[in-house]
S.K.: 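Structure provided below as structure tokens; questions to follow.
Counting convention: from 1, in listed order, for ligands and their atoms alike.
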Amino acid sequence: MHQTVYVLNGPNLNLLGTREPEKYGHATLADVEKLVRAKAEGFGWTVEFRQSNHEGEIVDWIQEAAAKKAVGIVLNPAGHTTTSVAILDAILAVKLPVIETHITNIHARESFRHDSYISKGARAVVCGFGVEGYALAIAGLAAMTGATTGATTGATSAAAGKK
Ligand code: CA2
């Protein structure tokens, strides 16, 4: 059965590619979704890709990911990064591996962006690689959960003589 990775995006990331391209690049969130699906497919994973401007909705999705036994979560908490005890508490409660991902290098930006609450619960952090960071986060999650490439379908696994 396919495992699922949740890729969750916080406030204003729906604007990606349409505003401030000098900071966030020209790729849209739909482009990021395509990139993530292609990367995750290589590990035999399906993707729940979502964006919300509402903190509580992100908390609900983190709990949903655990209830559905997701393999892990790639999370760009955006503007909630340095404020959200609620998202941190959800991460700590569910015990799923969370890869905190930022498009920009938050440490090279204003000091108020540096001290992430989310990092206190995340298993790893990716930042500064542009939207390619999402694909790196998927690859990192695969490495830490022992997923292998090539196991894309039951048919190919069966052909290789595996269960
Ligand atoms: O670098 C990142 O991915 C951030 O999480 C982006 C957040 C920012 O608050 C964090 O410090 C770093 C901002 C997301 C807003 O997204 C926009 C995208 C395009 C245009 C305007 C906003």
Side-chain angles (χ1 to χ4, degrees), residues 4-43 45-66 68 70-145 147:
T4 301
V5 56
Y6 277 62
V7 181
L8 305 180
N9 295 280
N12 298 305
L13 285 164
N14 53 311
L15 300 177
L16 209 57
T18 68
R19 305 267 199 290
E20 300 186 86
E22 67 289 351
K23 272 188 209 136
Y24 299 110
H26 291 278
T28 64
L29 200 60
D31 295 329
V32 177
E33 180 172 357
K34 274 189 212 140
L35 172 89
V36 160
R37 286 190 188 284
K39 191 70 182 179
E41 199 175 288
F43 298 107
W45 293 345
T46 55
V47 177
E48 282 294 334
F49 191 95
R50 300 184 189 168
Q51 186 274 333
S52 178
N53 292 331
H54 305 281
E55 185 177 14
E57 195 160 34
I58 295 169
V59 169
D60 287 343
W61 290 341
I62 291 168
Q63 293 183 12
E64 178 189 307
K68 297 264 173 74
V71 64
I73 300 172
V74 172
L75 171 63
N76 186 343
H80 295 310
T81 305
T82 54
T83 61
S84 185
V85 176
I87 293 175
L88 172 62
D89 285 344
I91 292 168
L92 295 173
V94 300
K95 298 189 170 70
L96 285 178
V98 172
I99 315 299
E100 179 183 349
T101 303
H102 299 280
I103 296 164
T104 59
N105 178 357
I106 54 174
H107 303 290
R109 299 184 64 186
E110 304 96 321
S111 57
F112 68 83
R113 296 185 194 277
H114 298 179
D115 194 10
S116 167
Y117 280 27
I118 307 309
S119 293
K120 298 178 197 313
R123 284 279 296 275
V125 183
V126 175
C127 75
F129 289 98
V131 296
E132 189 60 32
Y134 285 81
L136 296 171
I138 295 284
L141 182 64
M144 71 175 52
T145 60

S.K.: Side chain, backbone, both or neither: which part of Thr82 has a heavy atom under 4.0 Å from ligand 1?
M.R.: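 Neither part.
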S.K.: If you count the non-hydrogen atoms of other residues, nucleotides and ligands that lie under 6.0 Å from OH in Tyr117, is the total more than 12?
M.R.: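 Not more than 12 within 6.0 Å, no.
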S.K.: Among all protein heavy atoms, pick out the one at the shortest distance from atom 15 (C) of ligand 1; state its residue, atom name and that distance to 0.1 Å.
M.R.: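 Answer, as residue, atom name and distance: Asn12 CB, 3.6 Å.
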S.K.: Among protein heavy atoms, which lies nearest atom 20 (C) of ligand 1, and at what distance?
M.R.: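 Atom 20 (C) of ligand 1 sits closest to the protein heavy atom Arg19 O, 3.3 Å.
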S.K.: Treating Ser52 as the side-chain partner and Arg50 as the backbone partner, does any N or O pair qualify as donor plus acceptor under 3.5 Å?
M.R.: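 Not confirmed, Ser52 side chain does not pair with Arg50 backbone.
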S.K.: Within the 4.5 Å heavy-atom criterion, are Thr145 and Pro97 side-chain neighbours or not?
M.R.: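 Touching, per the 4.5 Å side-chain cut-off.
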S.K.: Could you find the nearest protein heavy atom to atom 13 (C) of ligand 1 and give me its residue, atom name and distance?
M.R.: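 Here the closest protein heavy atom is Tyr24 OH, 3.4 Å.
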S.K.: How about Arg113 and Thr81: do any of their side-chain heavy atoms sit closer than 4.5 Å?
M.R.: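 No, every pair of side-chain atoms sits at 4.5 Å or beyond.
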S.K.: Provide, to 0.1 Å, the distance between atom 7 (C) of ligand 1 and the closest protein heavy atom, together with that atom's residue and name.
M.R.: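 Nearest neighbour among protein heavy atoms for atom 7 (C) of ligand 1, to 0.1 Å: Ala78 CA, 3.7 Å.
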S.K.: Which heavy atom of the protein is the closest neighbour of atom 3 (O) of ligand 1, given with residue, atom name and distance?
M.R.: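 The answer is Ile103 N, 2.7 Å.
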S.K.: Using a 6.0 Å cut-off, check whether atom OH of Tyr24 has over 12 heavy atoms from anything other than its own residue.
M.R.: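 Yes - once you tally the heavy atoms of other residues, nucleotides and ligands closer than 6.0 Å, there are more than 12.
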S.K.: So between Pro11, Cys127, Gly128, Gly17, whose heavy atom ends up nearest atom 14 (C) of ligand 1?
M.R.: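 Shortest heavy-atom distance from atom 14 (C) of ligand 1: Pro11.
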S.K.: I need the contact type for His102 against ligand 1. Using non-hydrogen atoms and a strict under-4.0 Å cut-off, is it side chain, backbone, both or neither?
M.R.: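 For His102, the contact with ligand 1 is made by both the backbone and the side chain.
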S.K.: Nearest to atom 11 (O) of ligand 1, what protein heavy atom do you find, and at what distance?
M.R.: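 Ranked first by proximity to atom 11 (O) of ligand 1 is Arg113 NH1, 3.0 Å.
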S.K.: What protein heavy atom sits nearest atom 21 (C) of ligand 1, and how far away is it?
M.R.: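 In this structure, atom 21 (C) of ligand 1 has Glu20 OE2, 3.4 Å as its nearest protein heavy atom.
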S.K.: At less than 4.0 angstrom from any non-hydrogen atom of Gly79, what atoms of ligand 1 do you find?
M.R.: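 Close to Gly79: 9 (O).
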S.K.: What pair of heavy atoms forms the shortest contact from Lys120 to Leu92, and how long is it?
M.R.: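 Nearest heavy atoms, Lys120 then Leu92: O-CD2, 4.3 Å.
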S.K.: Is there a side chain to side chain donor-acceptor pair (under 3.5 Å) between Glu100 and Ser119? Walk through the geometry before answering.
M.R.: CA-CA 7 Å; Glu100 179 183 349; Ser119 293; 2.6 Å; yes
S.K.: Look at atom 1 (O) of ligand 1 and say which protein heavy atom is nearest, naming residue and atom and giving the distance to 0.1 Å.
M.R.: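 Heavy-atom neighbour on the protein nearest atom 1 (O) of ligand 1: Thr104 OG1, 2.5 Å.
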S.K.: Which one holds for Thr81 and ligand 1: side chain close, backbone close, both close, or neither close, with close meaning a heavy atom under 4.0 Å?
M.R.: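 No part of Thr81 is near ligand 1 at this cut-off.
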S.K.: Indicate yes or no for a side-chain donor-acceptor contact from Asp89 to the backbone of Ala86 under 3.5 Å, with no hydrogens or angles considered.
M.R.: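 Side chain of Asp89 to backbone of Ala86, a donor-acceptor pair under 3.5 Å: no, none is there.
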S.K.: In Å and rounded to the nearest 0.5 Å, what is the CG to CG distance from Leu15 to Asn53?
M.R.: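 Atom-to-atom, Leu15:CG and Asn53:CG are 7.5 Å apart.
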